[in-house]
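When reading the values below, keep in mind they use all heavy atoms of this one structure, side chains included, and skip hydrogens, waters and symmetry mates. Just so we're clear, the structure is a prediction, and the values are computed from it rather than from any experiment.
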Amino acid sequence: SGSRVWMVVSVGTQTAFLLCGSLLAFMTRKTKNDINETNKIAILIYSNFICVLLRTILVLLVNTIDATMWNLSQSVILSVDVLASIIIYFVPKFMESENKNNNDVRHDSKGSPFRTRVGESHQQELSLDSRF
């Protein structure tokens with residue numbers, strides 16, 4: 001919508017969500033390490049705050065810049081916000097999962113997968129390969 005009220009409500013809602021996220025990150029900071037995501041949430045809040053700040057500045061400049069430039073700037077800010085959130089939150093999880101899978105499954109000389117315990121020595125792997 002082209003209404004200024006819509007932009008104020010949109011930025012205000014995002015700000016309210018950021019405040020709620022900050023509160024949740026603060027409250028969960030001392031949970032167990034395997035479920036503690038406070039650091040990731042804090043980084044997400046910082047990146048989202050920067051985007052909300054840029055959107056707020058853009059709302060204040062709506063009458064002083066060209067509509068095309070305003071829409072382009074708004075689109076870039078929202079796109080960067082979404083991409084940064086995905087990269088900050090999901091990419092480390094995918095990398096951690098991939099590393100875990102690589103450590104759990106090994107292949108013998110014929111390419112067949114077999115499971116090993118993490119930390120087995122290279123000598124034990126060689127002795128397993130020689131049986132095939």
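Judged purely by atom type and a 3.5 angstrom limit, S75 has no side-chain atom pairing as donor or acceptor with the backbone of N71.
Hydrophobic clustering (side-chain heavy atoms under 4.5 Å, transitive across Ile, Leu, Val, Met, Phe, Trp, Tyr) groups I86 together with I88. Hydrophobic clustering, with ILVMFWY side chains joined whenever heavy atoms are under 4.5 angstrom apart, groups F94 together with Y89.
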Throw together a table of side-chain donor-acceptor distances under 3.5 angstrom for residues 45-53, partners on residues two or more places apart or in other chains.
residue	atom	partner	partner atom	Å
S47	OG	L44	O	3.0
N48	ND2	L44	O	3.1

What side-chain donor-acceptor pairs closer than 3.5 Å can you find for residues 59-70, not counting sequence neighbours?
residue	atom	partner	partner atom	Å
T64	OG1	L61	O	3.0
W70	NE1	L58	O	2.8

Indicate every side-chain donor-acceptor pair of residues 9-17 with a distance under 3.5 Å to a residue at least two apart or in another chain.
residue	atom	partner	partner atom	Å
S10	OG	R55	NH2	2.7
T13	OG1	V9	O	2.8
Q14	OE1	R55	NH1	2.5
Q14	NE2	D81	OD2	3.1
T15	OG1	V11	O	2.8

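Remark: I43 CD1 to I87 CD1 distance equals 13.0 Å, nearest 0.5 Å.
Taking S73 as the reference, nothing meets the side-chain hydrogen bond (donor to acceptor under 3.5 Å, both in side chains) condition, with sequence neighbours excluded. With sequence neighbours left out, the salt bridge (Lys or Arg N to Asp or Glu O under 4.0 Å) criterion links K93 to E37.
Hydrophobic cluster of L83: no remaining members, since no ILVMFWY side chain lies below 4.5 Å from it.
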